[in-house]
Amino acid sequence: MADTLSLDEIPTLTLLYKLKKIVPSDDKGQSTYNASATLNDKISVIRQDITTLAIDAIVNAANTSLLGGGGVDGAIHRAAGPGLLEECETLDGCQTGSAKITDGYELPSKKVIHAVGPIYWKEGSRSAELLSGCYRTSLELAVENGCKSIAFSALSTGVYGYPSGEASTVALETVRKFLEEEGKADKLDRVIFCNFLQKDEDAYFKNIP
Ligand code: AR6
């Protein structure tokens with residue numbers, strides 16, 4: 001198995017700004033929010049194989065069957081081993097825009113949250129609402145299950161065709177809104193946007209307030 005990465009090894013936005021690895025941008029991309037120092041301590045943007053993260057929960061980009069597939073879904077099932085599929089088989093699938101939680105089995109992550117993002121060209125104008133639903137439900141499941149660290153793969157931005165920039169705006173705004181609700185920020189230590197491709201990481205850094 002590839003080397004694992006623990007929470008301590010994943011830099012927050014605050015640290016990246018301090019080390020000047022990223023600089024506050026004049027061009028705020030598509031963001032409608034201002035930066036928040038408190039939230040910058042809780043957010044990370046990385047480019048990494050999500051199956052290597054030794055944290056509380058990772059979010060899989062699944063399909064409605066929840067029975068595995070290609071992309072990040074395939075990578076997660078391969079790394080977790082057959083126990084994951086066995087548990088998924090008991091879940092009776094999942095609706096687009098929602099998510100379900102399982103154990104992590106042989107993964108270094110304790111839990112896997114399986115979110116079903118929209119197929120961009122199929123859902124059209126409903127895509128943003130459905131993608132936002134995936135992020136929100138995943139955060140709720142994390143909190144309900146005592147997971148204090150959660151890493152999202154870039155849901156729907158692979159074979160489901162969601163453009164990276166638009167998807168990162170929905171993800172960032174949904175997470176921000178959730179963390180600003182009363183008591184929610186205390187329940188989560190870290191929310192990690194875990195990208196695989198440079199284009200997706202670039203989209204996050206462009207759209208982060
Ligand atoms: N770690 C992190 N991110 C990854 C990894 C990895 N190991 N591998 C790929 N990605 P996709 P979707 C990124 O296609 O668009 C599956 O067959 C990838 O670069 O995996 O939501 C499911 O079963 C991209 O940015 O998911 C569904 O049928 C992101 O993960 C369908 O694909 C999501 O790409 C879901 O499509």
Side-chain angles (χ1 to χ4, degrees), residues 1-7 9-10 44-55 57-82 84-85 87-89 91-100 102 104-109 111-124 126-138 149-172 174-175 190-207:
M1 192 176 68
D3 283 346
T4 60
L5 205 61
S6 68
L7 195 58
E9 297 171 293
I10 301 173
S44 298
V45 176
I46 55 172
R47 194 150 74 85
Q48 182 76 24
D49 177 353
I50 202 165
T51 65
T52 65
L53 302 184
I55 59 171
I58 60 172
V59 184
N60 182 17
N63 59 57
T64 52
S65 78
L66 296 187
L67 299 179
V72 69
D73 198 4
I76 287 174
H77 274 272
R78 275 192 301 278
L84 180 61
L85 182 60
E87 186 175 352
C88 285
E89 281 168 349
L91 296 178
D92 200 21
C94 179
Q95 286 186 338
T96 302
S98 191
K100 291 191 177 175
T102 65
Y105 298 90
E106 291 167 40
L107 284 163
S109 171
K111 297 276 182 187
V112 180
I113 295 170
H114 305 265
V116 184
I119 301 175
Y120 188 72
W121 62 90
K122 197 171 132 196
E123 300 294 350
R126 290 186 64 225
S127 290
E129 186 192 331
L130 291 167
L131 187 63
S132 180
C134 289
Y135 281 90
R136 184 162 184 98
T137 312
S138 299
S149 51
I150 176 171
F152 286 96
S153 58
L155 305 175
S156 282
T157 65
V159 298
Y160 280 3
Y162 214 120
S164 304
E166 282 179 43
S168 68
T169 302
V170 172
L172 285 162
T174 308
V175 168
R190 195 81 69 82
V191 179
I192 300 157
F193 297 105
C194 179
N195 298 290
F196 204 55
L197 303 178
Q198 190 66 55
K199 72 170 174 77
D200 294 306
E201 190 181 52
D202 291 347
Y204 275 90
F205 283 130
K206 182 163 186 279
N207 287 323

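All values reported here derive from a predicted model rather than from experimental measurement. Both counts, for ligands and for their atoms, begin at 1 and track the order of listing. Residue numbers start at 1 and run along the sequence shown.
Listed by atom number, the atoms of ligand 1 under 4.0 Å from Q48 heavy atoms are 1 (N), 2 (C). Of all atoms in ligand 1, numbered sequentially from 1 with element shown, those under 4.0 Å from a heavy atom of D49 are 1 (N), 6 (C), 7 (N). The ligand atoms of ligand 1 that sit less than 4.0 angstrom from a heavy atom of D73 are 22 (C), 23 (O). Annotation for ligand 1: atoms under 4.0 Å from non-hydrogen atoms of G69 are 17 (O), 23 (O). Within the listing of ligand 1, atoms 19 (O) sit less than 4.0 angstrom from a heavy atom of L197. For ligand 1 and A61, the ligand atoms under 4.0 Å from any heavy atom of the residue are 21 (O), 22 (C), 26 (O), 35 (C). Which parts of ligand 1 touch A75 is read off a 4.0 Å heavy-atom cut-off, strictly below it: atoms 7 (N). Close approach to G71 involves these atoms of ligand 1, each under 4.0 Å from a residue heavy atom: 20 (O).
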Problem set entry | From CA spacing to verdict: side-chain contact (heavy atoms from CB on, under 4.5 Å), N195, Y204 | CA-CA 9 Å; N195 298 290; Y204 275 90; 3.5 Å; yes
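Looking at every heavy atom in both residues, S168 comes nearest to N207 through OG-ND2, 2.9 Å. Between H77 and L66, the shortest heavy-atom contact is NE2-O, 4.5 Å.
Residue contacts with ligand 1: T51 is excluded, as none of its non-hydrogen atoms falls under 4.0 Å. Taking a 4.0 Å cut-off on heavy atoms, G117 fails to register as neighbouring ligand 1. By the 4.0 Å heavy-atom criterion, G74 is excluded from the residues contacting ligand 1.
The nearest heavy-atom contact from the protein to atom 29 (C) of ligand 1 is A154 O, 3.3 Å. In terms of protein heavy-atom proximity, atom 27 (C) of ligand 1 is closest to Y160 OH, 3.6 Å. Protein heavy atom in closest approach to atom 17 (O) of ligand 1: G70 N, 2.7 Å. If you check which protein heavy atom lies closest to atom 21 (O) of ligand 1, you get S156 N, 2.8 Å. Nearest protein heavy-atom neighbour of atom 1 (N) of ligand 1: I50 N, 3.0 Å. Scanning the protein heavy atoms around atom 20 (O) of ligand 1, the nearest turns out to be V72 N, 2.9 Å. The protein heavy atom nearest to atom 13 (C) of ligand 1 is F196 CB, 3.7 Å. Regarding atom 32 (O) of ligand 1, its nearest protein heavy-atom neighbour is V159 CG2, 3.3 Å.
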Taking only distance into account, with no hydrogens and no angle test, what donor-acceptor pairs under 3.5 Å do side-chain atoms of residues 156-163 form with protein atoms, sequence neighbours excluded?
from: S156; atom 1: OG; to: P118; atom 2: O; distance (Å): 2.8
from: T157; atom 1: OG1; to: A154; atom 2: O; distance (Å): 2.7
from: Y162; atom 1: OH; to: A128; atom 2: N; distance (Å): 3.3

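Under the 4.5 Å side-chain criterion, counting only non-hydrogen atoms from C-beta, I55 is not in contact with I150. Using a 4.5 Å heavy-atom cutoff, the side chains of L131 and Y120 are not in contact. A heavy-atom distance below 4.5 Å is found between the side chains of H114 and C88. Counting heavy atoms from C-beta outward, C194 and I58 have side chains that stay 4.5 Å or more apart. Inter-residue side-chain proximity for V59 and Y135 is flagged as unmet; no heavy-atom pair is nearer than 4.5 Å.
Compare G158, A203, S164 by their heavy atoms: the one nearest to atom 34 (O) of ligand 1 is in G158.
No donor-acceptor pair under 3.5 Å is formed between the side chain of S153 and the backbone N or O of N60.
Residue K122 places its NZ atom among 12 or fewer non-hydrogen atoms of other residues, nucleotides or ligands, all under 6.0 Å distant.
In summary, the side chains of E166 and T169 do not present any donor paired with an acceptor at a separation below 3.5 Å, with no hydrogens or angles considered.
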